[in-house]
Amino acid sequence: MQLRIPGPTPCPDEVLKAIGRQMINHRGKEFAEMQNRITPKLQQCFQTKNDVLILTTSGTGGLESAVVNILSPGDRVLGISIGIFGDRFAECAKVYGAEVIPLKYEWGQAVNPDDVKKALNENPGVKAVLVTHNETSTGTANPLKEIAKVVKDAGKLILVDAVSSMSSIDVQVDAWNLDVVVSGSQKGWMVPPGLAFVSISEQGWKAQAQAKMPRFYFDYTRAKKFIPDGQTPWTPAVSVYFGLDVALEIMLKEGLQNIFARHARVADKARKWVKSKGLELLVANEKYASNTVTAVKAPADMEVSKFTGTLRDEYKVVIAGGQGGMKGKVFRIGHLGFVTEKDMDEVLGAMDKALPKAKKV
Ligand SMILES: *Cc1c(COP(=O)(O)O)cnc(C)c1O
């Protein structure tokens, strides 16, 4: 089976074996040693010296944690969105009482940092900017470094959804001065769903101390207090930790730069295939094409559900359709985490065969 959706992603055998281990005491020495081994490796992947917290939740929980820890009800935030996940982040802030000023783009567009600059000039009271690095719904990677520069030059906080990019595409938390950055275990980390990772800058911690939104389970202060003991405030997803412990070892043996290069090569293969078939990427400017997920506009005569169904039933390849309003109009190939060029050749070979069988009747 080739599971090529943008999460959950496949896990290496060593990881699966680790996950099946017997439980241990999450307040005991063995767990503490494991967390103390994992955390510096996460920091390496985030390219940061900032604290990185491990939360037992999905990526969305990680985003919610950023909102409730950094903001107060009534705070003005700029909610940048180029797709479904940008909308979700902004919606979360709104639900908790933030005043969200939207900066929205059409599907397939990337953020223009000049627009961010303009929006911040026009809205001087903005406290923080919410932005998706890699928009999984449209296969578009925003120019995060340039966006962050504009935000930090304006003295604002930047909260980043890097759920589907961190550890697969270059994200330099310290060099780019990113305040809160969120990722999720089932995306580029080669482990099952269950954990979110969040880095918090010094400025982020200062804001956290002042922030008034209600929080309990996701309170960063509580989580930080448990770090020296190699623990978390609540019972963590111990099995996912087992897998992550092994996955990080595999990842750092390969090396971050090599991982980024592998994702670039695999994504390039996917994009070349799209063009060779006369199909169109959803992303308008290929410069912003994501290296972890390729979103393709379905041609007028294609039944997307027939395409994905044929791939699954006849070729054992699982890809994703479009999300939300893109349902039936887009299909997406996930190529992040445990993926090689050979995997992509197999997937594209199957797609070659399934394509003619996906016509509308
Ligand atoms: C998958 C994803 C999320 C949500 O993660 P869940 O684990 O499904 O909660 C958020 N943002 C982006 C960009 C994602 O790809």
Side-chain angles (χ1 to χ4, degrees), residues 3-11 46 53-68 79-95 104-105 107-111 129-144 147 158-171 178 180-199 217-218 236-237 240 243-244 247 263 267 282-283 288-295 318-324 326 330-339:
L3 179 64
R4 296 301 161 199
I5 59 173
T9 60
C11 305
F46 274 63
L53 304 177
I54 306 170
L55 309 174
T56 289
T57 184
S58 79
T60 307
L63 298 177
E64 181 160 328
S65 80
V67 167
V68 298
I80 305 178
S81 177
I82 64 166
I84 304 283
F85 290 104
D87 289 349
R88 189 187 287 185
F89 204 179
E91 172 71 12
C92 178
K94 204 168 139 191
V95 162
K104 259 176 94 78
Y105 292 83
W107 292 329
Q109 297 291 323
V111 173
V129 175
L130 314 181
V131 66
T132 319
H133 177 212
N134 186 77
E135 179 50 75
T136 315
S137 65
T138 66
T140 305
N142 277 317
L144 182 59
I147 296 165
I158 182 164
L159 315 186
V160 182
D161 173 349
V163 173
S164 63
S165 54
M166 185 62 80
S167 82
S168 313
I169 304 174
D170 194 20
V171 183
L178 307 173
V180 180
V181 184
V182 179
S183 190
S185 57
Q186 82 278 22
K187 301 293 172 93
W189 301 88
M190 308 195 296
V191 287
L195 297 176
F197 318 122
V198 188
S199 72
Y217 183 78
F218 287 137
V240 189
L244 181 63
H263 281 81
L282 180 58
V283 64
Y288 301 112
S290 163
N291 281 346
T292 60
V293 55
T294 296
V318 180
I319 66 165
Q323 285 172 280
M326 286 172 269
V330 168
F331 64 88
R332 295 173 302 146
I333 314 157
H335 35 74
L336 67 169
F338 190 42
V339 61

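Both ligands and their constituent atoms are indexed starting at 1 by order of listing.
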Counting both backbone and side chain atoms, is some N or O of Gly61 under 3.5 Å from an N or O of ligand 1? no
Is there a donor-acceptor pair closer than 3.5 Å between any side-chain N or O of Ser167 and the backbone N or O of Gly188? yes
Using distance alone, decide if ligand 1 has a nitrogen or oxygen within less than 3.5 Å of any nitrogen or oxygen in Lys187. yes
Which atoms of ligand 1 sit under 4.0 Å from any heavy atom of Arg88? 4 (C)
Min side-chain heavy-atom separation Trp189-Ser168 under 4.5 Å: no
Ile158 CD1 to Ile80 CD1 distance, which is reported to the nearest 0.5 Å: 7.0 Å
Hey, is Gln186 touching ligand 1 through its side chain, its backbone, both or neither, going by heavy atoms under 4.0 Å? side chain
For atom 3 (C) of ligand 1, the protein heavy atom that lies nearest, with its residue and separation: Phe85 CE2, 3.3 Å
Using the side-chain contact (heavy atoms from CB on, under 4.5 Å) rule, pick out the option among Asp161, Val163, Val160 that qualifies with His133. Val160
Using a 4.0 Å cut-off to any heavy atom of Ser58, which atoms of ligand 1 qualify? 6 (P), 7 (O), 9 (O)
Tell me the protein heavy atom at minimum distance from atom 11 (N) of ligand 1, and give that distance in Å. Asp161 OD2, 2.6 Å
Do the non-hydrogen side-chain atoms of Met166 and Val182 ever get within less than 4.5 Å of each other? no
Proximity to ligand 1 by part of Thr60, non-hydrogen separation under 4.0 Å: both
Are Thr138 and Phe85 packed together at the side-chain level, in the sense that at least one heavy-atom pair is separated by less than 4.5 angstrom? no
Is there a heavy atom in Glu135 that sits closer than 4.0 Å to ligand 1? no
Quick check: do Pro143 and Tyr288 have side-chain heavy atoms less than 4.5 Å from each other? yes
Check each atom of ligand 1 against the heavy atoms of Ser164 and keep those under 4.0 Å away; list them by number with element. 13 (C), 15 (O)
Below 4.0 angstrom from a heavy atom of Thr136, which ligand 1 atoms are there? Numbered from 1 as shown, please. 12 (C), 13 (C), 14 (C), 15 (O)
Could you list the atoms of ligand 1 found under 4.0 angstrom from a heavy atom of Gly59? 5 (O), 6 (P), 7 (O), 9 (O)
Polar contact flag for Asn134 and ligand 1 (N/O pairs, less than 3.5 Å): no
Side-chain contact test, heavy atoms from C-beta onward, threshold under 4.5 Å: evaluate it for Gln109 versus Thr140 and give yes or no. no
